[in-house]
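In what follows, every heavy atom counts, from backbone to side chain, and hydrogens, waters and symmetry copies are set aside. Every chain is numbered from 1 and lettered A, B, ... according to where its sequence line falls, protein lines coming before strand lines.
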Amino acid sequence: MSSISKPNRLKARLPRGLADRGAAELAATREMLETIRRVYELYGFEPVETPAIEYTDALGKFLPDQDRPNEGVFSFQDDDGQWLSLRYDLTAPLARYVAENFDTLPKPYRSYRVGYVFRNEKPGPGRFRQFMQFDADTVGSASPAADAEMCMMAADALEALGIPRGDYVIKVNNRKVLDGVMESIGLGGEANAGRRLTVLRAIDKLDRLGIEGVRALLGEGRKDESGDFTKGAHLAEGQIARVLTYVDFQIPASEETGADNRTVIEALRKAFGDSALARSGADELEALVDLAEAAGYDADRILVAPSVVRGLEYYTGPVFEAELTFEIKDEKGRPVRFGSVGGGGRYDGLVGRFRPEPVPATGFSIGVSRLQAALQALGKLGAAAERGPVVVTVFDRERIADYQRMVQALRAAGIRAELYLGNPRNFGNQLKYADKRNSPCVVIQGADEKARGEVQIKDLIEGAKAAAAIASNQEWRGTRPAQFAVPEDRLVEAVREVLARHAQG
RNA sequence: GCAGCUGUAGCUCAGUUGGUUAGAGCGCCUGACUGUGGAUCAGGAGGUCGGUGGUUCGAGUCCACCCAGCUGUACCA
């Protein structure tokens with residue numbers, strides 16, 4: 001292959017919107033998943049796994065009036081011509097699974113699952129085309145207790161991950177309330193579906209754009225700082241006023257202590273009670289809040305937030321959004337908000353697409369990747385690199401079998417250990433390697449030690465500390481900091497002592 | 001998708017009104033030190049200047065298009 005000239009060489013490159021993940025990040029993810037899993041198990045949920053690929057029609061993602069999948073999903077055609085897609089969330093595949101195994105599953109069916117999902121969208125900071133979600137769902141229960149439980153479990157999971165109460169909030173709203181408000185400003189019915197969407201999207205932007213931004217989007221439209229113009233909903237003044245009244249019920253998350261969810265629900269009833277839909281939504285909200293509060297989850301954890309709009313396509317009742325409320329400055333000193341790290345709601349229509357009978361369902365999804373970035377910033381994840389293996393160095397290449405035996409002795413004692421497999425010619429490189437691997441210590445046995453029946457154990461962590469005080473190379477080499485000899489048969493014991501010394505430091 | 005900004009070594013960046021062989025710091029490799037990590041010193045490798053085309057005697061520099069990144073915005077199951 002030497003004939004391949006340089007300009008023709010394949011360039012190693014990662015596709016955009018995707019990320020490689022190293023040892024430290026994987027360890028942090030594993031720890032997070034285990035914590036979340038423990039909470040979900042505690043609530044009685046059981047694991048289930050479905051594949052990353054589904055028939056596109058099962059995901060419900062064909063473009064309207066075309067036999068081609070939506071561009072936001074990665075899709076390809078099977079050899080029989082059927083469209084397949086990578087899953088873009090874990091909810092639609094679960095609906096397919098439950099529908100397909102309906103007769104054998106216990107109902108209500110409580111399950112959780114974790115996995116990568118894929119979205120073919122423009123990536124951004126903290127926004128990838130492949131990312132991990134951790135879902136829990138209850139299928140087959142229409143009870144508000146199932147919804148309340150989702151919110152409580154989400155709150156428990158976030159706290160188990162080390163996010164203090166008050167630094168997050170589970171926001172709750174109800175699609176029926178939103179639809180009722182639309183109805184009461186004369187945007188009910190099929191004919192107004194388009195404008196309704198525009199208005200709901202405007203409401204959703206309260207957090208980001210503030211009340212004035214929402215007002216602009218409800219009216220003529222809004223110009224952003226790059227000069228780009230977003231068309232508005234062109235509502236009449238009276239309609240805008242009503243919508244803004246509604247949005248104003250939002251309690252700022254930072255002042256949540258003492259906020260009373262019931263006050264908000266009452267205000268909703270008073271302002272929009274003319275709509276039967278809004279009344280029914282308010283009742284559902286109240287039922288959820290009652291159950292949550294009875295279990296001790298007050299508005300500092302589960303908060304009624306009228307501006308929450310999500311999953312316009314399939315959520316039918318309660319909707320939830322887990323939001324981090326603390327702010328963090330980035331390296332340029334600008335505030336970074338992590339915002340939503342999870343969401344969910346009731347999707348009574350989703351399983352029913354596959355079944356003759358309606359099947360109620362509710363669920364919650366944690367965005368693991370984004371949450372991990374937030375926890376990193378919070379300092380809640382082990383920032384320290386993982387401790388590496390003990391490295392047994394190679395002094396005489398004829399004696400590799402001896403060194404390998406030492407490695408096996410360490411492994412047999414449950415100590416993570418490895419033989420140096422690189423070129424042993426330059427001994428310094430072996431130590432540099434061990435240093436890069438973050439090894440706690442190395443084992444050395446040259447001819448001198450062998451003759452005495454000893455091994456040298458070099459404590460790299462102590463040695464690094466000692467190095468700071470040493471200036472000259474002669475001294476550095478002469479003192480051999482943090483290195484000691486033990487009889488061969490005490491190898492395992494001595495290594496164990498070094499490990500123990502650093503375990504509690 | 002739309003708008004604005006930015007692409008020079010692995011990383012962070014210099015590079016004059018267009019002018020000869022494109023530089024620095026950090027990192028990497030080698031040596032001083034053939035039995036020891038760090039520091040220091042010396043040396044070395046590493047660039048189609050994001051890509052293609054154009055203007056010009058001459059382009060890293062100017063123009064067009066494309067690609068990628070950043071920011072905002074739209075969409076977001």
| query | Between R405(A) and D402(A), is the closest basic N to carboxylate O distance under 4.0 Å? | reply | yes
| Spacing of the P atoms in rU8(B) and rG54(B) (rounded, Å) | 24 Å
| Closest to side chain of K122(A), choosing from rG72(B), rA74(B), rU36(B) | rG72(B)
| query | Can you tell me how far P of rC76(B) sits from NZ of K205(A), to the nearest Å? | reply | 8 Å
| field | Among rG35(B), rA74(B), rC76(B), the one nearest E121(A) by side-chain distance | value | rC76(B)
| What's the CG-C1' distance between L217(A) and rU73(B), to the nearest Å? | 10 Å
| message | Whole angstroms only, please: what is the CZ-P distance between R127(A) and rA74(B)? | response | 11 Å
| query | Quantified in whole Å, what is the P atom distance between nucleotide rU30(B) and nucleotide rC67(B)? | reply | 42 Å
Protein-nucleic acid N or O pairs under 3.5 Å, nucleotides 37-40 of chain B:
unit_1: rG37(B); atom_1: OP2; unit_2: W476(A); atom_2: NE1; d: 2.6
unit_1: rG37(B); atom_1: O6; unit_2: D459(A); atom_2: O; d: 3.4
unit_1: rG37(B); atom_1: N1; unit_2: L460(A); atom_2: O; d: 2.6
unit_1: rG37(B); atom_1: N2; unit_2: D435(A); atom_2: OD1; d: 2.4
unit_1: rG37(B); atom_1: N2; unit_2: L460(A); atom_2: O; d: 3.0
unit_1: rG37(B); atom_1: N3; unit_2: D435(A); atom_2: OD1; d: 3.3
unit_1: rG38(B); atom_1: N7; unit_2: W476(A); atom_2: NE1; d: 2.9
unit_1: rG38(B); atom_1: O6; unit_2: N473(A); atom_2: ND2; d: 2.7
unit_1: rG38(B); atom_1: N2; unit_2: I470(A); atom_2: O; d: 2.5
unit_1: rG38(B); atom_1: N2; unit_2: A471(A); atom_2: O; d: 3.3
unit_1: rA39(B); atom_1: N6; unit_2: N473(A); atom_2: ND2; d: 3.0

| How close or far is atom P of rU36(B) from atom CD of Q456(A), stated in whole angstroms? | 12 Å
| said: Just to be sure I understand: a Watson-Crick pair is purine N1 to pyrimidine N3 plus N6-O4 or O6-N4, both under 3.5 Å. Using that and G-U wobbles, which stems of three or more pairs involve RNA chain B? | reply: B:1-7 with B:67-73, B:10-13 with B:23-26, B:28-32 with B:40-44, B:50-54 with B:62-66
| message | Is it true that, when you exclude E49(A) itself, more than 12 heavy atoms of the residues, nucleotides or ligands shown sit nearer than 6.0 Å to its CD? | response | no
| Y40(A): what forms a ring-ring contact (aromatic ring centres under 6.0 Å, His included) with it, not counting sequence neighbours? | F134(A)
| query | Can you tell me how far CZ of F74(A) sits from CZ of R129(A), rounded to the nearest 0.5 angstrom? | reply | 4.5 Å
| request: To the nearest Å, give me how far apart CZ (F131(A)) and P (rC76(B)) are. | output: 14 Å
| query | Could R399(A) and Y403(A) be counted as a cation-pi pair, given that NZ or CZ must be under 6.0 Å from the ring centre and within 45° of the axis? | reply | yes
| task | Determine yes or no for a side-chain-to-main-chain donor-acceptor pair under 3.5 angstrom, with Q372(A) supplying the side chain and E25(A) the backbone. | result | yes
| said: One thing to verify: whether E121(A) and R119(A) come together as a salt bridge, which I'm taking to mean a side-chain N less than 4.0 angstrom from a carboxylate O. | reply: no
| request: Rounded to the nearest angstrom, tell me the gap between atom NZ in K436(A) and atom C1' in rU36(B). | output: 17 Å
